[in-house]
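Inspection log for the structure reproduced underneath, given as structure tokens.
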2 protein chains.
Amino acid sequence: MKVSREQAAENRDRIVETAAQLFRERGFEGIGVADLMKEAGLTHGGFYGHFSSKEDLIAEASARALMRSLALFTSVAERGADPLSAIASAYLTSRHRDNPGEGCLLAALGSDVSRHGPTVRRAVTGHLRSAVDLLAGLVPGKSKARRRQKAISTYATLVGAMVMARAVDDRALSQEILDAGQASVKA
Amino acid sequence: MKVSREQAAENRDRIVETAAQLFRERGFEGIGVADLMKEAGLTHGGFYGHFSSKEDLIAEASARALMRSLALFTSVAERGADPLSAIASAYLTSRHRDNPGEGCLLAALGSDVSRHGPTVRRAVTGHLRSAVDLLAGLVPGKSKARRRQKAISTYATLVGAMVMARAVDDRALSQEILDAGQASVKA
DNA sequence: ATTATCTATAGATCTATAGATAATGC
DNA sequence: ATTATCTATAGATCTATAGATAATGC
């Protein structure tokens with residue numbers, strides 16, 4: 001039942017990808033190691049050959065999801081004439097709202113992160129620093145401090161609006177929240 | 001071991017209060033029924049005389065936490081000359097950040113709410129409607145639609161900034177996030 | 001007599017480990 | 001020979017229930 005070294009690396013990678021999606025969909029506590037391995041096409045026991053603990057995987061899967069988000073931010077920003085508007089338009093969509101498994105980790109698991117281990121939190125901290133640096137370079141503003149401040153508050157608005165749009169049980173209100181977030185960033 | 005009807009009502013109330021705090025501190029999945037009852041000074045089995053399920057308590061505890069927040073918003077808004085600034089100042093503090101158990105449910109459990117039952121989500125929806133109505137009445141703005149939009153995006157900024165400030169592993173960055181959120185609301 | 005609470009436990013689930021198995025890589 | 005994966009299971013924990021207990025409220 002052994003596989004090639006290359007295949008093993010692929011398997012490991014698939015576990016991380018599967019976890020990155022399922023954690024965002026169901027929460028860190030919403031899926032167990034056994035189910036996760038089954039979704040990745042492997043058996044329960046094999047997990048601990050790749051990771052030392054579930055927390056270890058949580059950290060790695062989170063880091064990967066965050067890296068993807070940053071890459072997407074960069075590519076979206078490069079596209080349009082007004083980068084911040086472009087990011088807000090891409091972020092605050094019903095598609096993103098309805099597919100948390102492929103979306104922003106902060107919106108999907110933000111409040112859970114603060115209750116988890118130092119490795120996840122370090123990954124989030126690193127991501128936020130990079131994202132703020134990126135956005136601060138795109139925002140118009142008098143001083144560097146002002147641009148950083150605008151970058152941070154913009155990101156906060158996006159995350160907060162997505163959390164609220166997902167929490168709400170009413171499609172019209174949910175859409176109103178997405179629209180209000182976009183309008184505020186573009187104002 | 002029976003207690004008076006009045007005492008039983010008090011016990012039930014204490015379970016809800018304890019849950020409202022512990023859920024916000026540790027997450028809905030972070031504390032079990034047994035530990036929760038112990039914290040409330042009762043035994044595990046007694047729980048199901050008061051509630052039909054843990055989900056039932058989650059809904060009731062969430063509704064209570066949200067009601068408290070709305071009351072606080074109202075009282076803070078009445079205090080100052082600039083109500084929105086007053087709310088931002090009261091919300092985005094290190095004290096709030098470091099005490100999620102007594103703070104905003106959306107910041108503490110926002111991303112978990114979307115993964116839970118219809119009763120919790122209905123409570124959040126009702127709260128958001130009330131909070132937006134309240135804030136929209138306090139915001140300056142040309143049209144009613146503009147004031148609503150500003151109310152929603154302001155609340156989103158507060159929630160997002162608190163989630164980010166708590167997720168981050170660095171005190172300076174965390175403080176910078178709180179400050180940026182405040183500056184943005186007050187601008 | 002009713003009922004709020006207690007003790008005890010069923011049944012499910014979860015993380016992690018031990019040891020067997022079989023294919024790779026030297 | 002090494003090692004990636006598998007089967008099986010230990011040990012802990014979690015929700016919910018059953019039945020006993022003892023104090024209230026008629």
Side-chain angles (χ1 to χ4, degrees), chain A residues 1-62 109 112 115-120, chain B residues 1-62 109 112 115-120:
Chain A
M1 302 260 168
K2 195 193 170 187
V3 299
S4 74
R5 208 173 290 179
E6 191 186 16
Q7 180 65 48
E10 251 177 60
N11 288 346
R12 188 196 146 93
D13 195 74
R14 203 171 55 257
I15 298 170
V16 176
E17 285 296 327
T18 307
Q21 174 167 355
L22 292 178
F23 285 150
R24 278 177 287 180
E25 285 177 0
R26 311 188 198 173
F28 293 133
E29 265 75 52
I31 180 134
V33 172
D35 283 348
L36 214 128
M37 289 296 278
K38 189 187 278 183
E39 293 278 346
L42 296 164
T43 56
H44 181 185
F47 179 82
Y48 294 91
H50 292 294
F51 306 95
S52 66
S53 67
K54 187 185 180 185
E55 190 70 31
D56 189 19
L57 175 65
I58 286 177
E60 193 162 336
S62 298
L109 293 161
D112 300 78
R115 294 188 291 264
H116 269 85
T119 328
V120 201
Chain B
M1 300 261 169
K2 194 192 169 189
V3 299
S4 75
R5 207 171 293 180
E6 191 186 17
Q7 180 63 49
E10 249 177 62
N11 287 347
R12 187 195 146 93
D13 195 75
R14 202 169 58 256
I15 297 169
V16 176
E17 285 295 329
T18 307
Q21 174 166 356
L22 292 178
F23 285 150
R24 280 176 286 180
E25 286 176 1
R26 310 188 199 174
F28 293 133
E29 266 74 53
I31 179 133
V33 171
D35 283 349
L36 214 129
M37 289 296 278
K38 191 188 276 185
E39 292 278 346
L42 295 163
T43 55
H44 181 184
F47 178 82
Y48 293 90
H50 292 294
F51 306 96
S52 67
S53 67
K54 188 187 180 184
E55 191 70 31
D56 189 20
L57 174 65
I58 285 177
E60 193 161 337
S62 298
L109 293 161
D112 300 79
R115 294 187 292 264
H116 269 85
T119 328
V120 201

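To find a chain, count down the sequence lines: A is the first, B the second, and so on, and within it residues start at 1.
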In 5'-to-3' order, the base (B), backbone-only (S) or no-contact (-) status of each nucleotide in nucleotides 5-21 of chain D, using a 4.0 angstrom heavy-atom cut-off, is SBB-------BBB----
Are the side chain of B:Glu55 and the backbone of B:Gly117 linked by a donor-acceptor contact shorter than 3.5 Å?
yes
Whole angstrom is fine here: how far is it from CD in A:Glu6 over to P in D:dA4?
14 Å
Taking all non-hydrogen atoms of both residues, which atom of A:Thr43 and which atom of A:Met37 are closest, and how far apart?
O-CE, 3.3 Å
Check whether any side-chain heavy atom of B:Lys54 lies under 4.5 Å from a side-chain heavy atom of B:Phe28, and answer yes or no.
no
Can a donor-acceptor pair be found, under 3.5 Å and without considering hydrogens, that links the side chain of B:His116 to the backbone of B:Asp112?
yes
Grab the two heavy atoms, one from B:Val33 and one from B:Phe47, that are nearest each other, plus how far apart they are.
CG1-CG, 3.5 Å
Strictly distance-based, threshold 3.5 Å: is any side-chain N or O of B:Arg12 a donor or acceptor partner for the main-chain N or O of B:Ala8?
no
Please list every stem that involves DNA chain C, where a stem is a run of 3 or more consecutive Watson-Crick or G-U wobble pairs with both pairing distances under 3.5 Å.
C:1-24 with D:1-24
Are any side-chain N or O atoms of B:Asp35 and backbone N or O atoms of B:Ile31, one a donor and one an acceptor, separated by less than 3.5 Å?
no
Any side-chain heavy atom of A:Asp56 sitting closer than 4.5 Å to one from A:Thr119?
no
